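First the structure, in the form of structure tokens, and then the observations on it.
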Amino acid sequence: MPEPKHQKILLVDDESDIREFISYNLSKEGYNVSTASNGKEAIQKAIELKPHLIILDVMMPEMDGIETCSQLRLIKELNSTIIAFLTARGEDYSQIAGFEAGGDDYITKPIKPKVLISRVKALLKRYKGIQETKNEGSTNTIEIAGLTIDKEKYIVIKGEEELILPRKEFELLALLASKKNKVFTRDEIYSSVWGDNIIVGDRTIDVHIRKLREKIGNELIKTIKGVGYKFVD
């Protein structure tokens, strides 16, 4: 993993005081911080910079953070980029919408500098894990139940159709498909897909499972009530 000065963070918020506060504290830790004041500018800068982490405000005029995240997740070059929403809102529906759009985590404002730095370090460790997975070699492809899951390119082939899934959906599918008929507990899924240091809501896994079933078929992922999920062929 590169040193902080080589780790690129894109901060997106329409409030200049928030941008200044967060940029100052991250830059002081040695991170390479760029900023954008709206969603359209964020997409342009993300394409240019290919940041390791994007901290994205939810409530912005013109294009909000949810829509911005959705568009960022359509850009293959940004598949590895971690996206954390920055929000003062704690409602479940906002978090669910964010995760469905391809977000990885939430940072609630106002936030203390030490907590901010801790969260950023945890998120960037997640980026390292993604890169290590991409470098595993022959284990990058899983073929099962008519699906080809390419862990390097983050794509799924179903028949003749290429599916580009939001990263968390992809990682969840790859985990379940890695061991057919193994029951993965909810705790195992949280740890493997979101990481031990990431705090997500109780409904997060359920939302991602529902979205996956819509795309690959209801019959491939079975619910084990009170325990977790397994992939069946």
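As the structure is a computational prediction, the values presented were derived from the model and not from experiment. This chain uses plain numbering: 1 for the first residue, then up along the sequence.
Checked by atom type and distance alone, the side chain of Lys179 never pairs as donor or acceptor with a backbone atom of Leu176 at under 3.5 Å. Listed for the Lys40 side chain is no donor-acceptor partner under 3.5 Å among the backbone atoms of Met63. Using a distance-only test at 3.5 Å, with no hydrogens or angles considered, a donor-acceptor pair links the side chain of His52 to the main chain of Lys8. With hydrogens and angles ignored, the 3.5 Å screen pairs a side-chain donor or acceptor of Ser192 with a backbone N or O of Glu188.
The distance from the CD1 atom of Ile43 to the CG atom of Leu78 is 9.5 Å, given to the nearest 0.5 Å. Rounding to the nearest 0.5 Å gives a distance of 12.0 Å between CG of Asp64 and CG of Asn38. To the nearest 0.5 angstrom, Glu143 atom CD is 4.5 Å from Thr148 atom OG1. Taken from CG in Asn181 to CG in Asp233, the straight-line distance is 8.0 Å, to the nearest 0.5 Å. Here the straight-line distance linking atom CD1 of Ile144 with atom CG of Leu173 works out to 9.0 Å at 0.5 Å rounding. From Lys211, atom NZ reaches atom CG of Leu172 across 13.5 Å, with rounding to the nearest 0.5 Å.
Within the 4.5 Å cutoff, side-chain heavy atoms of Leu26 are placed close to those of Ile117. In this structure, the side chains of Lys222 and Phe231 stay at 4.5 Å or more apart for every pair of heavy atoms. Proximity of Phe21 to Asn25: side-chain heavy atoms (C-beta onward) are separated by under 4.5 Å at one or more points. Two residues are said to be in side-chain contact when any heavy atoms from C-beta on lie closer than 4.5 Å; Phe85 and Asp105 fail this criterion. Residues Ile55 and Asp13 fail the side-chain proximity criterion, which asks for heavy atoms closer than 4.5 Å. Lys230 places none of its side-chain heavy atoms less than 4.5 Å from the side chain of Thr223. Side-chain contact between Ile189 and Arg186 is absent, with no heavy-atom pair separated by less than 4.5 Å. Counting heavy atoms from C-beta on, the side chains of Arg19 and Ser16 come closer than 4.5 Å.
Residues Pro166 and Gly102 approach most closely at CB-CA, 3.9 Å, considering heavy atoms. When all heavy atoms of Pro51 and Ala46 are compared, the pair lying nearest together is CD-O, 3.5 Å. The heavy-atom pair separating Gly217 from Lys158 by the smallest distance is N-NZ, 4.3 Å. Residue Leu56 comes nearest to Gly65 through the heavy atom pair CD2-O, 3.3 Å, listed as atom of the first residue, atom of the second, then distance. Residues Gly103 and Cys69 come closest through the heavy atom pair N-SG, 3.6 Å. The heavy-atom pair separating Ala177 from Ile142 by the smallest distance is O-CG2, 3.9 Å.
A continuous path of ILVMFWY side-chain contacts below 4.5 Å connects Ile22 to Val115, so both sit in one hydrophobic cluster. By the rule that hydrophobic residues join a cluster once side-chain heavy atoms approach within less than 4.5 Å of another member, Leu74 and Ile83 end up as members of separate clusters. Following chains of ILVMFWY side-chain contacts shorter than 4.5 Å, one cannot reach Ile205 starting from Ile224, and the two form parts of different hydrophobic clusters. Cluster membership check: Ile221 does not share its hydrophobic cluster with Val183, using side-chain heavy-atom separations under 4.5 Å among Ile, Leu, Val, Met, Phe, Trp and Tyr. Under the 4.5 Å side-chain heavy-atom criterion for Ile, Leu, Val, Met, Phe, Trp and Tyr, Leu212 and Val232 are members of distinct hydrophobic clusters.
Here Tyr229 pairs with nothing under the ring pair (Phe, Tyr, Trp, His ring centres under 6.0 Å) rule; sequence neighbours left out.
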Residues Leu220, Leu147; criterion side-chain contact (heavy atoms from CB on, under 4.5 Å); working and verdict: CA-CA 10 Å; Leu220 294 179; Leu147 302 175; 4.0 Å; yes
Test side-chain contact (heavy atoms from CB on, under 4.5 Å) applied to Phe170 and Ile155, step by step: CA-CA 8 Å; Phe170 181 91; Ile155 60 172; 5.6 Å; no
Stepwise side-chain contact (heavy atoms from CB on, under 4.5 Å) test for Lys121 and Leu124: CA-CA 5 Å; Lys121 286 180 178 178; Leu124 287 169; 5.9 Å; no
Step-by-step side-chain contact (heavy atoms from CB on, under 4.5 Å) determination, Thr68 to Val12: CA-CA 10 Å; Thr68 302; Val12 189; 5.8 Å; no
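Under a cutoff of 6.0 Å and an axis angle of 45°, Lys182 and Phe184 form a cation-pi pair.
Salt-bridge annotation for Glu171 and Arg167: present, with a side-chain N of the basic residue lying under 4.0 Å from a carboxylate O of the acidic one. For Lys45 and Glu48, the salt-bridge test fails: no basic side-chain N is under 4.0 Å from an acidic carboxylate O.
Side-chain contact, Arg73 with Thr81: no donor N or O sits under 3.5 Å from an acceptor N or O. For the residue pair Glu41 / Ser37, a side-chain donor-acceptor distance below 3.5 Å is found, with atom types taken as modelled. Counting only N and O atoms by type, the side chains of Glu67 and Gln71 include a donor and acceptor under 3.5 Å apart.
Of the candidates Leu123, Leu53, Ile54, Leu53 is the only one forming a side chain to side chain contact (heavy atoms under 4.5 Å, CB included) with Ile9.
Summarising the local packing, NZ of Lys215 is surrounded by more than 12 heavy atoms from other residues, nucleotides or ligands at distances under 6.0 Å.
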